[in-house]
Amino acid sequence: MLQVRDGAGETLGVLFDRYQTPLLNFYCKLTGDRGLSEDLVQEVFLRILRHRQTYRAGTPFRAWIYQIARNARIDHFRKTRPQVPFEPEMAPTAHLTDPAQQQQESELLHRALMQLPEEKRELLILCRFQELRYDEVARLVGCGVSTVKVRIHRALHDLREGFHQLQASPADSPQRGGPQKFPPRRLGHEV
């Protein structure tokens with residue numbers, strides 16, 4: 001990145017090759033829209049080129065690029081309201097033997113994830129799918145590591161609750177509902 005910052009624009013291709021797929025996965029899981037995700041990835045690299053002088057030596061590049069990615073997504077959704085269709089190739093992978101059951105559970109998990117408030121969904125995606133460390137996520141969202149751990153724990157709990165609710169009554173659940181909060185249930189024997 002230091003070479004890009006200092007004017008060697010051709011080295012941006014190396015960064016693009018390295019970070020295009022992780023950023024695309026981040027956006028696909030967060031938005032559920034592959035076309036929009038591809039556009040946002042392009043926007044990230046345009047912003048890197050445009051704002052390359054703001055990069056400081058010693059700053060972890062991965063955290064810096066995800067901050068740009070977060071800002072690009074926020075700016076996009078300030079302009080438009082998201083519509084989230086389910087695209088099976090974006091669903092988290094599961095290891096089930098029955099393909100029909102796997103498809104159904106992937107769909108339910110995707111729907112439960114999309115029903116989480118945006119902040120919780122983003123934290124889960126950054127930590128679980130993009131594999132950012134807690135300290136990197138803490139820097140991105142502007143809080144302490146212990147706060148990130150608590151928020152992720154709560155987000156996982158809400159995701160589990162939402163998944164179980166959808167599993168219990170899939171016919172009653174909206175196909176494309178917006179973010180919803182799930183009331184906490186305490187059964188003591190949940191996964």
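Positions are given from 1, in the same order as the sequence printed here. Worth saying up front: this structure is predicted, and the values here are computed from it rather than measured.
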Quiz item: What is the minimum heavy-atom distance between R62 and R133, and which atoms define it?
Solution: NH2-N, 3.9 Å
Exercise. Indicate yes or no: at least one non-hydrogen side-chain atom of R128 is less than 4.5 angstrom from one of L156.
Key: yes
Quiz item: Any side-chain heavy atom of L109 sitting closer than 4.5 Å to one from L159?
Solution: yes
Quiz item: Rounded to the nearest 0.5 Å, what separation is found between the OH atom of Y27 and the CD atom of E38?
Solution: 13.0 Å
Exercise. Please examine the side chains of K120 and R151, heavy atoms only from C-beta on, and report whether any two atoms are closer than 4.5 Å.
Key: no
Exercise. Locate the shortest heavy-atom distance separating G32 from H110; write the atom from each residue and the value.
Key: CA-CE1, 4.2 Å
Quiz item: Between T147 and C143, is there a donor-acceptor pair closer than 3.5 Å when you use the side chain of the first and the backbone of the second?
Solution: no
Quiz item: Just how far is it from atom CG of L49 to atom CZ of F16, taken to the nearest 0.5 Å?
Solution: 12.5 Å
Practice problem: Answer whether the closest heavy-atom distance between the side chains of R47 and N71 falls below 4.5 Å. | Solution: yes
Quiz item: Side chains of R34 and L24: does their closest heavy-atom pair fall under 4.5 Å?
Solution: yes
Quiz item: Can you check whether Y134 reaches V137 side chain to side chain, under 4.5 Å on heavy atoms?
Solution: no
Self-check item: Salt bridge flag under 4.0 Å for residues E107 and R111
Solution: no
Quiz item: Do the side chains of Y19 and V41 get nearer than 4.5 Å, heavy atoms only?
Solution: no
Quiz prompt | ILVMFWY network linking I74 to L23, side-chain heavy atoms under 4.5 angstrom | solution = no
Exercise. Take R73 and E43 through the test salt bridge (Lys or Arg N to Asp or Glu O under 4.0 Å) and record every step on the way to the result.
Key: CA-CA 9 Å; R73 182 182 55 82; E43 177 63 22; over 6 Å; no
Practice problem: Please report the shortest heavy-atom distance between S37 and T31, naming the atom on each side. | Solution: OG-OG1, 3.2 Å
Quiz item: Do E136 and R139 sit within salt-bridge range, that is, some charged N less than 4.0 Å from a carboxylate O?
Solution: no
Self-check item: Exam field: side chain Q167 to backbone L108, donor-acceptor pair closer than 3.5 Å
Solution: no
Quiz prompt | Derivation of the salt bridge (Lys or Arg N to Asp or Glu O under 4.0 Å) call for D158 and R154 | solution = CA-CA 6 Å; D158 290 353; R154 290 177 181 163; over 6 Å; no
